[in-house]
Amino acid sequence: MELALLVDVSRSVDAKEFIQQRDGYVNAFKDPSLFTEHIAKGPNKKIAATLVYWSSPDRRVVAVDWRLVDSVESARAFGEALVAATPGNIDLSGATRPFDGTTAPGSAISFVMPQFGSNAYEGSRKVIILSGDGAENAGPATHKVRDDALK
């Protein structure tokens, strides 16, 4: 499986929510059971994953490039890379983000779709997990982009 984690950093996401999103993924990947109870039980016993921060139609960045997760150690390393990709390794007292802006989830999906064909992996499934908290207020309509991606 190729897994793209798309994390909203728009203005509607406050510092606490930003940390919750990041730490949710960090904690999941650093927990050995993610690999032993889920990834290792999949048909190929491995996944490739990336994390993208997104907001406005022109504001998206690959925070952690595609990586193979094929062991407890590589899953933990992916979690550590998520922490390292956060500017200043922030905490709740001084949370910053790479940028902010409007809320354009459709643009985030459009940004990551070509990466499924250009990364070094070929998964039998391509999965996007998009997190956000605000109403779409910019970019292409998410439902249209989603429908195109499913095709």
Side-chain angles (χ1 to χ4, degrees), residues 1-14 16-72 74-87 97-151:
M1 176 176 75
E2 295 169 69
L3 174 64
L5 305 171
L6 308 181
V7 176
D8 182 1
V9 296
S10 66
R11 282 187 292 272
S12 63
V13 175
D14 65 26
K16 183 178 179 183
E17 292 167 327
F18 179 73
I19 295 296
Q20 286 174 327
Q21 288 183 99
R22 185 204 62 183
D23 286 358
Y25 288 129
V26 169
N27 293 337
F29 278 91
K30 289 173 76 175
D31 183 337
S33 70
L34 174 70
F35 183 79
T36 60
E37 298 301 317
H38 302 285
I39 297 171
K41 292 184 177 180
N44 296 312
K45 301 178 181 5
K46 59 187 171 187
I47 66 169
T50 187
L51 182 124
V52 173
Y53 288 134
W54 64 271
S55 65
S56 303
D58 61 342
R59 303 201 85 180
R60 293 129 3 215
V61 64
V62 176
V64 177
D65 206 358
W66 291 94
R67 293 180 180 221
L68 184 64
V69 177
D70 61 354
S71 65
V72 169
S74 61
R76 184 174 289 119
F78 186 83
E80 291 295 334
L82 299 176
V83 173
T86 305
R97 61 193 83 208
F99 48 83
D100 65 10
T102 57
T103 306
S107 294
I109 295 169
S110 293
F111 176 75
V112 80
M113 282 304 297
Q115 294 179 32
F116 285 112
S118 65
N119 68 45
Y121 306 100
E122 185 56 47
S124 57
R125 295 179 56 213
K126 281 111 172 102
V127 176
I128 296 171
I129 298 177
L130 185 139
S131 62
D133 77 337
E136 175 181 271
N137 58 21
T142 302
H143 69 279
K144 291 184 186 284
V145 175
R146 178 209 57 218
D147 292 348
D148 289 344
L150 288 172
K151 290 178 189 170

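Just so you know, these numbers come straight off a predicted model, no measurement behind them. Reckoned from all heavy atoms, side chains included, excluding hydrogens, waters and symmetry mates.
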Show me the side-chain donor-acceptor pairs of residues 35-44 shorter than 3.5 Å, one per line, residues at least two apart or across chains.
from  : atom 1 : to    : atom 2 : distance (Å)
Thr36 : OG1    : Pro32 : O      : 3.2
Glu37 : OE1    : Lys41 : NZ     : 3.0

(request) Rounded to the nearest 0.5 Å, what's the gap from OH on Tyr53 to CZ on Arg22? Could you check? (result)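 So the gap between those two atoms works out to 6.5 Å.
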(message) Let me confirm one number: the CD1-CG distance from Ile128 to Leu3, rounded to the nearest 0.5 Å.
(response)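 If I round to the nearest 0.5 Å, the distance is 9.5 Å.
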(request) Output all residues satisfying side-chain hydrogen bond (donor to acceptor under 3.5 Å, both in side chains) with Asp148, sequence neighbours left out; order by chain, then residue number. (result)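 In terms of side-chain hydrogen bond (donor to acceptor under 3.5 Å, both in side chains), with neighbours along the sequence ignored, Asp148 is linked to no residue.
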(message) What I'd like to find out is whether the side chain of Val112 reaches to under 4.5 Å of the side chain of Leu6, using heavy atoms alone.
(response)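 Val112 vs Leu6: side chains touch.
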(request) Kindly indicate whether the side chain of Ile129, heavy atoms from C-beta on, has any atom under 4.5 Å from the side chain of Tyr25. (result)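 Contact flag for Ile129/Tyr25 side chains = yes.
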(request) Return the minimal non-hydrogen interatomic distance between Ala49 and Phe78, and the atom names on each side. (result)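 In this case the closest contact between Ala49 and Phe78 is O-CE1, 3.5 Å.
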Please list all pairs passing the salt bridge (Lys or Arg N to Asp or Glu O under 4.0 Å) test where one or both residues lie in [range], with sequence neighbours left out.
range: residues 109-137; value: Glu2-Lys126, Glu122-Lys126
range: residues 75-84; value: Lys30-Glu80
range: residues 101-113; value: none

(message) Can a donor-acceptor pair be found, under 3.5 Å and without considering hydrogens, that links the side chain of Asp31 to the backbone of Asn27?
(response)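 Not a single qualifying donor-acceptor pair exists.
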(request) Give a yes or no on whether the backbone of Glu17 and the side-chain of Asp14 come within a donor-acceptor separation of less than 3.5 Å. (result)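 Present.
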N/O donor to acceptor pairs below 3.5 angstrom from side-chain atoms of residues 101-111, sequence neighbours left out:
from   : atom 1 : to     : atom 2 : distance (Å)
Thr102 : OG1    : Ser56  : OG     : 3.0
Thr103 : OG1    : Ser10  : OG     : 3.1
Ser110 : OG     : Gly106 : O      : 3.1

